[in-house]
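Bear in mind the structure is a predicted one, so any value in this text is a computation, not a measurement.
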Amino acid sequence: MPPAAVPPVGARIRRARLERGTSLRALAREIGVSASLVSQIENGKSQPSVSTLYAITTALGISVESLFDAGEAAAASPVAASPPGTVAHALAAFAADPGRRIGPLVRPDQREVLELDSGVVWERLGHVPGTDVDFLQVTYRPGGASSGSGGLMRHNGTEYGSLTSGELVLTLGFDEYTLRPGDSVCFESTTPHRYRNDGAVPAVGIWFVSPDVVQ
């Protein structure tokens with residue numbers, strides 16, 4: 001059984017932007033990218049980098065976790081109405097198969113997979129309904145980075161990570177660390193940071209980002 005389909009990230013971003021009443025150009029200005037890039041992301045013609053994705057979700061006041069909730073989009077796209085091989089068809093198949101829904105136990109072939117720009121792959125390891133926690137297996141392919149431009153990113157929450165294979169370089173503020181298998185990190189995600197893989201093999205780890213708790 002293949003991994004669950006890539007969720008329609010661009011469509012969800014566009015819907016959140018329209019619900020907020022923000023124009024495409026205004027969103028682009030707010031996060032410091034071109035309007036054409038935002039348009040390409042919303043239309044599914046381009047995938048955002050990790051840093052751009054976090055910038056968009058922060059600007060729109062939505063969680064990254066919400067972008068994985070494919071069930072609603074799939075429910076509106078019956079399997080028979082979508083051509084085989086398309087994302088819509090795969091999402092509909094996912095919704096129609098209760099055995100593939102995210103639950104207490106998530107097997108490797110049940111993970112929802114999100115391919116991002118700059119050689120980064122997120123696999124959703126689980127989800128408790130009503131929470132916005134990012135619980136992910138993250139893969140940085142050789143040469144991959146959380147920001148293709150080299151800029152540092154910052155977002156809400158507290159970040160925990162543990163590398164299981166490969167090597168990953170973390171720039172955190174003015175410091176730089178090399179993570180090797182077994183190494184772990186934790187820090188406030190509002191601290192400017194960036195990950196990159198300078199090695200020749202993929203760097204794979206388990207990441208957990210918890211949202212800020214508002215009293």
Side-chain angles (χ1 to χ4, degrees), residues 2-7 9-10 13 31-33 37 40-41 44-58 63-68 87 102 106-127 132-211:
V6 176
V9 174
I13 289 173
I31 65 175
V33 300
L37 175 59
Q40 289 174 3
I41 291 171
K45 296 180 180 178
S46 177
Q47 292 288 1
S49 66
V50 176
S51 58
T52 300
L53 184 63
Y54 271 116
I56 289 173
T57 55
T58 298
S63 67
V64 169
E65 171 65 25
S66 69
L67 299 179
F68 280 94
V87 170
I102 294 294
V106 180
R107 302 193 186 280
D109 62 358
Q110 295 174 320
R111 297 174 188 165
E112 291 171 290
V113 179
L114 179 58
E115 295 260 359
L116 298 175
D117 193 17
S118 303
V120 183
V121 181
W122 285 356
E123 297 180 52
R124 192 192 204 190
L125 297 179
H127 174 58
D132 289 330
V133 171
D134 303 330
F135 181 33
L136 308 167
Q137 176 174 289
V138 179
T139 299
Y140 283 83
R141 296 182 177 125
S146 55
S147 172
S149 66
L152 304 184
M153 64 178 177
R154 50 189 301 178
H155 52 90
N156 294 331
T158 305
E159 193 156 328
Y160 305 86
S162 179
L163 198 69
T164 57
S165 63
E167 289 191 0
L168 196 61
V169 177
L170 166 64
T171 301
L172 184 63
F174 296 104
D175 300 315
E176 190 167 278
Y177 306 90
T178 299
L179 281 66
R180 298 182 175 87
D183 289 345
S184 57
V185 293
C186 57
F187 55 90
E188 294 295 329
S189 302
T190 50
T191 306
H193 59 284
R194 178 177 184 258
Y195 297 100
R196 73 177 191 272
N197 180 4
D198 293 337
V201 299
V204 182
I206 305 300
W207 253 251
F208 180 94
V209 181
S210 63

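The shortest side-chain heavy-atom distance between Leu116 and Pro48 falls under the 4.5 Å cut-off. In this structure the side chain of Leu179 reaches within 4.5 angstrom of the side chain of Val185, judged on heavy atoms. The shortest side-chain heavy-atom distance between Thr52 and Ile41 falls under the 4.5 Å cut-off. Side-chain atoms of Tyr160 and Ile206, non-hydrogen and from C-beta on, never get closer than 4.5 Å to each other. The side-chain heavy atoms of Leu172 and Phe187, taken from C-beta on, include a pair separated by under 4.5 Å.
Taking the six-membered ring where the residue is Trp, Trp207 and Tyr195 present perpendicular rings, their angle passing 60° and hence far from 30°.
Judged by distance alone, with hydrogens and angles left aside, the side-chain atoms of Arg194 form a donor-acceptor pair with the main-chain N or O of Ser147 at under 3.5 Å. Between the side chain of His193 and the backbone N or O of Arg154, no donor-acceptor pair lies under 3.5 Å. Panel note: side chain Thr58, backbone Ala55; no donor-acceptor pair is recorded below 3.5 Å.
In terms of heavy-atom proximity, Val201 sits nearest to Gly166 at CG2-CA, 4.2 Å. For the pair Val120 and Ala145, the tightest heavy-atom approach, listed with the atom from each and the gap, is CG2-O, 3.4 Å. Taking both residues in full, the closest heavy atoms of Thr178 and Glu167 are given as CG2-OE1, 3.8 Å, listed atom of the first, atom of the second, then distance. Heavy-atom minimum distance, Pro202 versus Thr139: CB-CG2, 4.0 Å. Residues Ser49 and Asp117 share a closest heavy-atom pair of N-CB, 3.7 Å. Counting all heavy atoms, side chain and backbone alike, Arg124 lies closest to Val106 at O-CG1, 4.3 Å.
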Please test Val209 against Tyr54 for side-chain contact (heavy atoms from CB on, under 4.5 Å), starting from the C-alpha separation and ending with a verdict. CA-CA 12 Å; Val209 181; Tyr54 271 116; 4.0 Å; yes

Checking side-chain contact (heavy atoms from CB on, under 4.5 Å) for the pair Phe208/Leu125: CA distance, chi angles, key distance, verdict? CA-CA 10 Å; Phe208 180 94; Leu125 297 179; over 6 Å; no

Can Asp183 and Tyr177 be said to form a side-chain contact (heavy atoms from CB on, under 4.5 Å), step by step? CA-CA 10 Å; Asp183 289 345; Tyr177 306 90; over 6 Å; no

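Note that CG of Leu37 is 7.0 Å distant from CD1 of Ile56, once rounded to the nearest 0.5 Å. Taken to the nearest 0.5 Å, the OG atom of Ser146 stands 11.5 Å off from the CG atom of Leu53. Taken to the nearest 0.5 Å, the OH atom of Tyr140 stands 9.5 Å off from the OG atom of Ser118. Summarising the geometry, atom CD belonging to Gln137 is positioned 6.0 Å from atom OG1 belonging to Thr164; distances are rounded to the nearest 0.5 Å. Leu114 contributes atom CG, which lies 10.5 Å from atom CD of Glu123 (distance to the nearest 0.5 angstrom). Taken to the nearest 0.5 Å, the OG1 atom of Thr57 stands 8.0 Å off from the CD1 atom of Ile13.
Sorted by first and then second residue, the salt bridge (Lys or Arg N to Asp or Glu O under 4.0 Å) pairs involving residues 133-143 (not counting sequence neighbours) are Glu115-Arg141.
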